[in-house]
Trainee: 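Quick one: the structure is below, questions incoming.
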Amino acid sequence: IATSTGPRVERVWLDGGKSVAASWPIDGELLYVGLDPRGGLLAEINHKRSSAELIAALGSDHPYTVMLALDALQTKEGKPTDHERVAVAAILGSVEQAGEWRMKTAQILGAWRDDASVAILLEELDAAHRRARAGDEGTDPRVRGEIVKALGHGVPRPEVIAALKGGLAN
C-alpha cells in the first residue's frame with residue numbers, strides 16, 4: 001500500500017477461498033495498492049487500476065510492481081493520457097533506470113503510436129546517439145535498438161525516416 005506518507009506491506013493469507021476482502025486504515029493520500037509486489041503468488045490476479053495508480057506504481061521499490069504497471073500501460077485500451085506519457089518518457093530518458101525498463105518504455109511508446117509518443121522516441125533516439133558519440137556511460141545499445149524498432153513499427157513519417165537513416169549512419 002503506497003500513500004503520500006510512504007509505502008507499507010500488509011499480508012493477507014488466502015485460505016482456500018476464491019476471494020478475500022481486507023481493509024486497513026491509511027495515513028495520507030492513497031497512491032496505489034500493489035497486489036503481490038514481489039511476484040511470489042502462483043495465481044492469476046485481476047487487478048484494475050486507475051491511470052494515477054499505474055503512474056504511482058512506476059515509482060515502486062518492487063520490480064514486479066513496476067513491471068505489472070508497465071504491462072498494464074502497454075495493453076490499456078484507448079489513448080494514453082499526458083500524465084502516462086510523461087511518466088513513461090521519464091523512465092526512457094533516465095540513464096539511471098535499468099536498461100530493461102527503458103527498453104520496455106520504448107516498446108510502450110511505440111505501441112501507442114500517437115504523435116506525442118513518436119516525438120518522445122525521436123528525442124530520446126537523438127539523445128542516445130549524442131551520448132554514444134560522447135562515450136557516456138549511460139549508453140545502452142539495447143535501448144537504442146528498441147527505440148529504432150518502436151519507430152520502425154509505426155506509420156512511415158518523414159521525420160522518423162530521417163532519424164532512422166541518421167541513426168544508422170552513426
Side-chain angles (χ1 to χ4, degrees), residues 1-112 114 116-117 119-121 123-125 127-128 130-132 136-147 149-150:
I1 300 171
T3 68
S4 56
T5 61
R8 77 172 198 250
V9 174
E10 297 287 348
R11 296 193 193 288
V12 175
W13 295 99
L14 304 175
D15 191 20
K18 292 188 177 203
S19 64
V20 172
S23 64
W24 297 275
I26 60 170
D27 296 327
E29 176 187 359
L30 179 66
L31 300 177
Y32 71 92
V33 175
L35 300 177
D36 190 24
R38 294 183 180 101
L41 183 62
L42 299 176
E44 184 176 322
I45 298 175
N46 292 320
H47 183 200
K48 295 181 181 176
R49 292 165 289 176
S50 70
S51 176
E53 288 175 302
L54 292 173
I55 292 167
L58 294 177
S60 174
D61 291 335
H62 300 286
Y64 189 70
T65 297
V66 175
M67 183 186 75
L68 290 176
L70 288 171
D71 286 345
L73 286 167
Q74 185 171 15
T75 59
K76 74 176 246 134
E77 293 183 16
K79 294 183 179 185
T81 67
D82 289 339
H83 294 294
E84 290 167 344
R85 197 177 294 103
V86 166
V88 169
I91 294 172
L92 177 62
S94 173
V95 295
E96 286 80 33
Q97 290 284 345
E100 288 73 18
W101 293 150
R102 297 179 65 216
M103 290 165 46
K104 180 73 170 179
T105 57
Q107 294 166 6
I108 292 168
L109 290 163
W112 287 343
D114 59 280
S117 297
I120 292 165
L121 288 167
E123 183 179 312
E124 185 52 35
L125 182 61
R130 283 185 275 120
R131 283 192 299 269
D136 286 355
E137 291 180 21
T139 300
D140 186 337
R142 300 172 309 151
V143 174
R144 285 194 301 166
E146 283 301 325
I147 293 170
K149 277 198 263 182

Trainee: Examine distances only and state if a side-chain atom of Thr75 and a backbone atom of Asp71 form a donor-acceptor pair shorter than 3.5 Å.
Mentor: yes
Trainee: Within the side chain of Glu124, is there an N or O that forms a donor-acceptor pair under 3.5 Å with the backbone of Leu121?
Mentor: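 Not a single qualifying donor-acceptor pair exists.
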Trainee: So, for Val66 and Ala57, which heavy atoms are closest and what is the spacing to 0.1 Å?
Mentor: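 Heavy atoms of Val66 and Ala57 come nearest at CG2-O, 3.7 Å.
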Trainee: With rounding to the nearest 0.5 Å, note down the distance linking NZ in Lys104 to CG in Leu92.
Mentor: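 It comes to 13.5 Å.
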Trainee: With the threshold set at 4.0 Å, does a side-chain nitrogen-carboxylate oxygen contact exist between Arg102 and Glu146?
Mentor: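 The answer is no: the pair does not qualify as a salt bridge.
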Trainee: Please name the pair of heavy atoms, one in Gly99 and one in Asp140, separated by the smallest distance, quoted to 0.1 Å.
Mentor: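 Between these two residues, the closest heavy atoms are CA-OD2, 3.6 Å.
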Trainee: Can you give me the closest heavy-atom contact between Ile91 and Leu70, atom names plus distance?
Mentor: CD1-CD2, 4.4 Å
Trainee: Could you measure the distance from the CE atom of Met67 to the CG atom of Leu58? Nearest 0.5 Å is fine.
Mentor: 13.0 Å
Trainee: Side chains of Gln107 and Lys149: any donor to acceptor distance under 3.5 Å?
Mentor: no
Trainee: May I ask you to test the Val143-Ile147 pair for a side-chain heavy-atom distance under 4.5 Å?
Mentor: yes
Trainee: Do Arg85 and Leu109 have side chains that approach each other closer than 4.5 Å (heavy atoms only, starting at C-beta)?
Mentor: yes
Trainee: Any side-chain heavy atom of Asp114 within less than 4.5 Å of one from Lys79?
Mentor: no
Trainee: Indicate yes or no: at least one non-hydrogen side-chain atom of Ser94 is less than 4.5 angstrom from one of Trp101.
Mentor: no
Trainee: State, yes or no, whether a side-chain contact exists between Glu84 and Lys76 at a heavy-atom distance under 4.5 Å.
Mentor: yes
Trainee: When rounded to the nearest 0.5 angstrom, what is the spacing between CG in Leu54 and OG1 in Thr65?
Mentor: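 It comes to 11.5 Å.
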Trainee: State, with a plain yes or no, whether a side-chain heavy atom of Thr105 is found less than 4.5 Å away from one of Leu73.
Mentor: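 In short, these two side chains do not touch, never coming nearer than 4.5 Å.
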Trainee: Nearest 0.5 Å, what's the CD-CH2 distance between Gln74 and Trp112?
Mentor: 9.0 Å
